Amino acid sequence: MPELPEVETVVRGLRDCILNREIEKIESHYPTTVTNHTKIKSLPSLGRILSIDRRGKYIVINTDAGFVILVHLRMTGKLVFDGLCSITGTHVRATFHLKGNNKLCFDDTRTFGKIKIFRQGDSIPDIEKLGVEPLSYLLTSEYLKEKWGNRNAPVKSLMLQQEVIAGLGNIYACEILYRSGVSPLTPGKKLSQKVLDKIVVQTREVMQEAISMNGTSVSDFRRVDEKTGEFQNFLRVYQKKECPKGHTLRIVRIAGRSTYFCPVCQR
DNA sequence: ATTGCTTCCTGAGCGC
DNA sequence: TGCGCTCAGGAAGCAA
């Protein structure tokens with residue numbers, strides 16, 4: 001399940017292999033995967049890739065022909081470059097045809113992933129509504145106090161709201177709360193400034209560690225060369241039976257997701 | 001406004 | 001072997 005560290009890993013991989021390449025066309029093999037949000041009915045060549053960035057869980061590609069290509073991997077989406085490995089995916093939903101006879105394949109078993117094409121300068125609501133980046137100076141305990149201070153919802157579900165913090169998903173929310181010693185069921189308004197500080201610090205730490213390990217591959221996540229990440233070897237609670245101290249973990253459903261936590265270490 | 005449930009979708013894993 | 005069931009979950013949409 002690609003979250004911020006996985007998307008960052010893909011972005012870095014893409015920069016190494018397709019920056020400055022020209023996209024001749026994006027071919028869609030599934031009806032809802034690629035959508036055109038420009039007023040241009042028949043898209044020309046999309047131009048040369050000027051930049052590849054990440055915002056939250058979105059990949060943002062800018063081209064010199066004035067296009068912005070947004071990619072969201074959702075749960076099972078993968079971007080795989082045929083110059084680094086042979087494409088083995090059996091669920092290729094879209095193909096970026098690059099000048100010079102290379103392909104970037106968007107493989108997505110469950111079809112929830114999206115590729116959206118915009119014009120530079122046009123409003124992109126998907127990006128504009130996102131909250132702060134976990135690794136930016138804007139994520140502070142004061143900010144979280146302002147956003148969560150009068151919320152009754154459990155902190156775990158608040159952490160998943162992309163309009164507040166952009167990029168966290170189920171796995172990292174569980175890991176951050178374990179490292180912070182906070183129960184995922186705690187209502188937002190019950191979190192003290194001191195505890196919010198801990199969450200901020202642990203959020204940064206977990207994101208940085210996971211990026212340095214090329215993300216987490218628990219099932220589908222792969223890099224652009226189809227290699228796995230390594231952070232799954234350092235998870236402390238997600239899909240575990242016991243926490244590192246040997247306490248039996250509990251699993252509850254919060255916001256429709258399996259939430260792993262230690263009733264002893266997390267209060 | 002806030003909260004939580006349903007939907008989209010496929011494959012893995014399980015019990016029988 | 002094969003069937004039917006449950007589960008995995010990001011985010012939009014909807015209902016209370």
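Just so it is clear: chains get the letters A, B, ... in the order the sequence lines come, proteins before strands, and each one is counted from 1. This is a predicted model, so every value here is computed, not measured.
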Is the Lys NZ or Arg CZ of A/Arg93 less than 6.0 Å from the centre of A/Tyr30's six-membered ring, within 45° of the axis? yes
Just the rounded figure in Å: distance from P of B/dT3 to CD of A/Gln161. 8 Å
Is the phosphate of B/dC9 approached by A/His91 (side-chain N or O, under 4.0 Å from OP1 or OP2)? no
Working for side chain to side chain donor-acceptor pair (under 3.5 Å), residues A/Asn214 and A/Lys227: CA-CA 10 Å; A/Asn214 298 304; A/Lys227 290 184 181 141; over 6 Å; no
Using only heavy-atom distances, determine whether the side chains of A/Asn170 and A/Lys156 contain a donor-acceptor pair under 3.5 Å. yes
So the contacted stretch of DNA chain C, first to last nucleotide with an atom under 4.0 Å from a non-hydrogen atom of chain A, runs from C/dA8 to C/dA12
Let me know the distance between CE of A/Met75 and P of B/dT10, rounded to the nearest Å. 12 Å
I'd like to know if the side chain of A/Thr216 pairs up with that of A/Gln232 as donor and acceptor (distance under 3.5 Å, no hydrogens or angles considered). no
Short side-chain donor-acceptor distance under 3.5 Å, A/His97 and A/Thr95: no
Quickly work out the A/Lys78 NZ to B/dG11 C1' distance and round it to whole Å. 11 Å
Using heavy atoms to find the nearest nucleotide of DNA chain C for A/Leu168 and A/Ser258 separately, return the residue whose nucleotide is more 5′. A/Ser258
Report the distance from atom CZ of A/Arg253 to atom C1' of B/dG4, rounded to the nearest whole Å. 12 Å
Classify the nucleic acid contact of A/Lys129 as base, sugar-phosphate or nothing, counting any heavy atom under 4.0 Å across all strands shown. sugar-phosphate
Can you sort out the partners of A/Lys114 under side-chain contact (heavy atoms from CB on, under 4.5 Å), two or more places apart, ordered by chain and number? A/Thr32
Rounded distance (Å) that lies between atom C1' of B/dT7 and atom CZ of A/Arg110: 14 Å
